[in-house]
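First the structure, in the form of structure tokens, and then the observations on it.
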Amino acid sequence: MIPRLAAHVALHWQPARGTWLLTRPESVVVLNETAADILTLCDGVRDVHEITRMLRGGYDDVEPADVEELLADLARQRLVVLT
């Protein structure tokens, strides 16, 4: 599974709030730190296992199933495309 942001979605750092946001034409989603770390790695090239390996430097207990679950939820919301 190779994730990327949907075409109508953008990932933005909001310095005033100190948080990452997913923006789309009709809404804004405020991300927690873990979700933001995952989504910054979703470039349409890396697969879930590579993303998980990269996250292990900052998260001891991250598993591919956790990453897949978040991405599947975001895909249901049409924020992420999974190929």
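No experiment lies behind these values; they were computed from the predicted model shown. Only heavy atoms go into these numbers, but all of them, side chains included; no hydrogens, no water, no symmetry mates.
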Quiz prompt | Pairs touching residues 10-58 that satisfy ring-ring contact (aromatic ring centres under 6.0 Å, His included), sequence neighbours left out | solution = W13-W20
Exercise. Give the minimum heavy-atom separation between L71 and C42, together with the two atoms involved.
Key: CD2-SG, 3.9 Å
Quiz prompt | From CG (L70) to CG (L39), nearest 0.5 Å | solution = 6.0 Å
Quiz item: How far apart are the closest heavy atoms of L82 and A75, and which atoms are they?
Solution: CD1-CB, 3.8 Å
Practice problem: Answer yes or no: does atom CD of Q14 have more than 12 heavy-atom neighbours from other residues, nucleotides or ligands under 6.0 Å? | Solution: yes
Practice problem: Quick one: pull up OG1 in T52 and CD in E68 and give me the separation to the nearest 0.5 Å. | Solution: 7.5 Å
Self-check item: Within-4.5 Å side-chain heavy-atom neighbours: I38 and P3
Solution: no
Self-check item: Qualifying residues under salt bridge (Lys or Arg N to Asp or Glu O under 4.0 Å), relative to D66, sequence neighbours excluded
Solution: none
Quiz item: Hey, which of V29, L79, L31 is the one that makes side-chain contact (heavy atoms from CB on, under 4.5 Å) with L11?
Solution: L31
Quiz item: Should side-chain heavy atoms under 4.5 Å link Ile, Leu, Val, Met, Phe, Trp and Tyr, which residues sit in the same cluster as V28?
Solution: L21, V30
Exercise. Could you tell me whether E69 atom CD has more than 12 heavy atoms of other residues or ligands within 6.0 Å of it?
Key: no
Quiz prompt | Spatial distance of atom CD1 (I51) from atom CG (D37) [nearest 0.5 Å] | solution = 11.5 Å
Quiz item: Taking only residues at least two apart or on different chains, which pairs with a member in residues 4-25 satisfy salt bridge (Lys or Arg N to Asp or Glu O under 4.0 Å)?
Solution: R24-E26
Self-check item: Interatomic distance, L41 atom CG to M54 atom CE [nearest 0.5 angstrom]
Solution: 5.0 Å
Quiz prompt | Partner set under salt bridge (Lys or Arg N to Asp or Glu O under 4.0 Å) for E63, not counting sequence neighbours | solution = R56
Practice problem: Can you sort out the partners of R53 under salt bridge (Lys or Arg N to Asp or Glu O under 4.0 Å), two or more places apart, ordered by chain and number? | Solution: none
